[in-house]
Colleague: 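I am attaching a structure below and will ask some questions about it afterwards.
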Amino acid sequence: MAEVIIVKSLDEAGELAAQHITSLIQKKPDAVLGLATGSTPLPVYKALHRRVQQHGVDLSRVRGFALDEYVGISPDHPQSYRTVITNEVVTPLGLNPDLVQTPRGELAGIRNAGERYDADIRAAGGIDVQILGVGTSGHIGFNEPGSSLGSRTRVTTLTEQTRIDNARFFDSIDDVPTHSITQGVGTILEARHLILLAFGERKAEVLARCVEGPVSSSIPGSAIQLHPHVTVLVDEAAASQLVHADYYRRAFSNVPEWLAES
Ligand code: GLP
């Protein structure tokens, strides 16, 4: 079962995730992070930034693989995930840009780009911690409903819902790409630890379906239930439709000493 932690604020969620990531990096300075975009992971990056500034945490050897990328826009487009990851993660946290990859969304070579990306992840020894948000369509990465739970990194067609959700980052909906290249659900499940975050009322229904609903390709985020090590960080609003919320609260606030991480 996923460990579900219901937090009081986005800052608390960011701190908990950052705490975990920094303790991993202390043990493994060249740890491999799976990096998500969107608004949801921003508190994690903010909390990591605080740790870099105030405690001198060194992330310069950390390696990173972005979860997904739009197809058909150039890597230096202001809304490409390459640019977003550079501006929100690589530069502020002091990561080495040469150690951070995003899937290649340019049309030239797109047919083999997914396979090459999975091979690069494998060559890096796999992803240690994959940060995830969830779309209102139930997608993780850009694995839209119907994505095979064993899917690999590949090109996907975005749903209209996802294009509408992401139109806020573009001048108009017509500018939102129609396709993406995303780590597959199967690729994501190979990461050693998944941290899925969700905030706000808007995510409540989909979050409940991911955590407590049947595992189904109709809600690709429900695939997290197949993973042995998942942490779900949610605020009260996003947790509002969880049937077992009280149980999660009890489990988190009463960790016996013999079970606590040393
Ligand atoms: C985007 C990304 C996902 C992200 C999701 C939720 O389209 N491809 O990786 O998790 O949609 O976005 P947000 O966090 O802004 O709600």
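One-based numbering, in listed order, for ligands and for the atoms of each.
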Colleague: Quick test: of every protein heavy atom, which one is nearest to atom 9 (O) of ligand 1, and how far off is it to 0.1 Å?
Modeller: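 Result: Asp68 OD2, 3.5 Å.
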Colleague: Considering only non-hydrogen protein atoms, determine which one is nearest to atom 6 (C) of ligand 1 and report residue, atom name and distance to 0.1 Å.
Modeller: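 For atom 6 (C) of ligand 1, the nearest protein heavy atom is Val134 O, 3.6 Å.
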Colleague: Give the contacting part of Phe169 toward ligand 1: side chain, backbone, both or neither, where contact means a heavy-atom distance below 4.0 Å.
Modeller: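 None of Phe169 does.
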Colleague: How far is atom 7 (O) of ligand 1 from the closest protein heavy atom, and which atom is that?
Modeller: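 Heavy-atom neighbour on the protein nearest atom 7 (O) of ligand 1: Asn166 ND2, 2.9 Å.
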Colleague: For ligand 1, find out whether one of its N or O atoms is nearer than 3.5 Å to an N or O atom of Thr37.
Modeller: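 No, no N or O pair falls under 3.5 Å.
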Colleague: So, are Lys28 and Asp128 salt-bridged, with charged N and O less than 4.0 Å apart?
Modeller: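 Answer for the salt bridge query: yes.
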Colleague: Heavy-atom contact check, 4.0 Å cutoff: does Ala36 meet ligand 1?
Modeller: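 The answer is no, since Ala36 has no heavy atom less than 4.0 Å from ligand 1.
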Colleague: So which bit of Glu144 gets within less than 4.0 Å of ligand 1, heavy atoms only: side chain, backbone, both or neither?
Modeller: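 None of Glu144 does.
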Colleague: Check Arg249 with Glu236, please: is the shortest side-chain N to carboxylate O separation under 4.0 Å?
Modeller: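 The answer is yes: the pair qualifies as a salt bridge.
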Colleague: Is there a heavy atom in Glu69 that sits closer than 4.0 Å to ligand 1?
Modeller: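 No, that is not the case, since the closest heavy atom of the residue is not under 4.0 Å from the ligand.
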Colleague: Can you check whether Ala18's main-chain N or O pairs, donor with acceptor, with Thr22's side chain at less than 3.5 Å?
Modeller: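 Yes, Thr22 side chain to Ala18 backbone: donor-acceptor pair under 3.5 Å.
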Colleague: Applying a 4.0 Å heavy-atom criterion (strictly less than), which segment of Thr40 is in contact with ligand 1: side chain, backbone, both, or neither?
Modeller: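 Both backbone and side chain of Thr40 come within 4.0 Å of ligand 1.
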Colleague: How far is atom 12 (O) of ligand 1 from the closest protein heavy atom, and which atom is that?
Modeller: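 Sorting protein heavy atoms by distance from atom 12 (O) of ligand 1 puts Gly38 CA, 4.1 Å first.
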Colleague: For residues Asp118 and Thr153, is any side-chain donor paired with an opposing acceptor at under 3.5 Å?
Modeller: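 Present: a donor and an acceptor within the cut-off.
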Colleague: So among Thr156, Thr182, Thr162, which one has a side chain to side chain donor-acceptor pair (under 3.5 Å) with Glu144?
Modeller: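 The passing option is Thr162.
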Colleague: Any N or O on Thr162 sitting closer than 3.5 Å to an N or O of ligand 1?
Modeller: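 No.
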Colleague: Check whether Ser80 reaches the backbone of Pro75 with its side chain - one donor and one acceptor, N or O, closer than 3.5 Å.
Modeller: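 Side chain of Ser80 to backbone of Pro75: a pair is present.
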Colleague: If you measure from the Lys or Arg side-chain nitrogens to the Asp or Glu carboxylate oxygens, is any gap between Lys46 and Glu15 under 4.0 Å?
Modeller: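 Salt bridge absent between Lys46 and Glu15.
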